[in-house]
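For reference, the structure discussed in these notes is given below.
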Amino acid sequence: MSADSTAEPDIPGGPDSRGPGQGDKGRRRKPRGKGRKGLVVAAWTAAGVVVLGGTGLGYVYFKLNGNIDSVDIDQALGTQRPAKADDGSQNILVLGSDTRAGGNRELGGGADDGSARSDTAMIVHVHEGRKKASVVSIPRDTLIDRPACTDPDGTTHDAASNVMFNSAYSTGGAACAVKTVEDLSGIRMDHYLEVDFRGFQKLIDELGGVTVTTTEDIRDPESHLDLEQGTHRLNGEQALGLVRTRHGVGDGSDLGRIQLQQAFLKALVEEVKHVGLFTGPKKLYNLADTATRAVTTDSELGSVNSLMSFASGLKGISASNMTMVTMPVQYDTADANRVVLDESKAELVWTALKNDRPIPRSATEGTATGEAGGVVRP
């Protein structure tokens, strides 16, 4: 299978494909212990929920507005950035943050050191007309050259070579993550959305759960997940376990986890469509309150009005109109727990997005896979 886990028909994908050098059972790599957990899938939906939750609730506007944290990416990065697209498309970096402090520690484990880490990042490219989107997941384990970054405290960190992609966020926060993605892709990020552990779990519970079908049993004690083959209505804790798991499916790699996250995201997008005008005002408010507390945005989206306007433009995008791929990578020959960018294949992806075109089939052919495609279906 290619790195695409839930691709549209023009992107290759099949359960029998293998990455280079993988054995018959595809168990090429071993887990490295507890992985950092992927929560990026909630941020996309949080924005959509705000549209519904904010409508007709003018008297709570200021409360919802005060929930939103924002980061001034433009000020942090200055003018040395790729040019903005002028074709009507938009690019949004959606990031999951893994802080181990407070309540998140209970959900994610690990040291309570108060630090925050990023797990999986998605470039969401909204095509002109706001009817289709292309989503490119960037594996956290990708070895990259990180540009120099200034952290929120004003400390400048030198550029670094051959470091993991997710080190950008832990080094310099949101602005460094954006700068690294722009340096990697050559594409300007118009917006930034981030979500954390507790926000993700609470959002799923407020929605009343999300329905998915598993094509095989998934059991992973480390993510507290135990699902038999079949259809399930996942609550927040189970959904969190699903997007965290990497040991119970595929080859045990982060690439397999990305495939599960992408499938879950499609189910989540469909779930939000059922939250409509006849939903009770209390539930709408609770959804809006949870969503606005869950996300951190760029400063341009840092108000209820701005977030509502932005999310309104995404309402026409259904799961069937979302093409989802993983950034083309190959397993690192020196370390089976790392991947490296397949530069020629990745350039096909970046070129397609820059020109607001569909990602071609050839971009993901022969790239590394986590072998978890099709294990979870919306």
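Count residues from 1 along the sequence.
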Close side-chain approach of [X] and [Y], heavy atoms under 4.5 Å:
X: V135; Y: M322; result: yes
X: Y285; Y: L64; result: yes
X: R146; Y: T171; result: yes
X: P82; Y: I187; result: no
X: I144; Y: T180; result: yes
X: S161; Y: V163; result: no
X: D332; Y: N337; result: no
X: R219; Y: L225; result: no

Is the side chain of [X] donor-acceptor paired with the backbone N or O of [Y] at a distance under 3.5 Å, no angle test?
X: E270; Y: S318; value: no
X: E216; Y: V375; value: no
X: T297; Y: I68; value: no
X: T367; Y: T364; value: yes
X: Q330; Y: V340; value: no
X: K345; Y: S362; value: yes
X: S167; Y: M164; value: yes
X: Q238; Y: N235; value: yes
X: T290; Y: N286; value: yes
X: R257; Y: L242; value: no

Taking every non-hydrogen atom, the tightest pair across [X] and [Y]:
X: P139; Y: L255; answer: CG-CD2, 3.5 Å
X: V195; Y: F200; answer: CG2-N, 4.2 Å
X: A267; Y: V212; answer: CB-CG1, 3.8 Å

Within the 3.5 Å criterion, strictly below it, is a donor on [X] or [Y] matched to an acceptor on the partner's side chain?
X: N67; Y: D289; value: yes
X: Q262; Y: S137; value: yes
X: D141; Y: Y331; value: no
X: S303; Y: N305; value: no
X: D153; Y: T155; value: no
X: D190; Y: Q90; value: no
X: H191; Y: N91; value: no
X: R233; Y: T211; value: yes

Inter-residue atom distance [X].[atom1] - [Y].[atom2], 0.5 Å rounding:
X: I92; Y: Y192; atom1: CD1; atom2: OH; value: 13.5 Å
X: I138; Y: M122; atom1: CD1; atom2: CE; value: 10.5 Å
X: D342; Y: E347; atom1: CG; atom2: CD; value: 11.5 Å
X: D145; Y: D183; atom1: CG; atom2: CG; value: 8.0 Å
X: S134; Y: H127; atom1: OG; atom2: NE2; value: 3.0 Å
X: T292; Y: N65; atom1: OG1; atom2: CG; value: 9.0 Å

May I ask you to check whether over 12 heavy atoms, not counting those of K132, lie within 6.0 Å of atom NZ?
no
For Q229, does the CD atom sit with more than 12 other heavy atoms under 6.0 Å from it, leaving out its own atoms?
yes
Let's go through Y169 and E194 carefully: what are the C-alpha distance in whole Å and the side-chain angles of both, what is the deciding distance for side chain to side chain contact (heavy atoms under 4.5 Å, CB included) to 0.1 Å, and is it a yes or a no?
CA-CA 11 Å; Y169 182 88; E194 177 187 326; 2.6 Å; yes
Between [Y] and [X], is the closest basic N to carboxylate O distance under 4.0 Å?
X: D205; Y: K202; result: no
X: R246; Y: D220; result: no
X: E271; Y: K266; result: no

Step by step, would you call L268 with L207 a side chain to side chain contact (heavy atoms under 4.5 Å, CB included)?
CA-CA 9 Å; L268 194 53; L207 281 169; 3.8 Å; yes
Can you name the one residue among V136, L193, V94, L93 that meets side-chain contact (heavy atoms from CB on, under 4.5 Å) with V124?
V94
Applying side-chain hydrogen bond (donor to acceptor under 3.5 Å, both in side chains) to S70 and S299, what does each step give before you reach the verdict?
CA-CA 5 Å; S70 62; S299 56; 5.9 Å; no
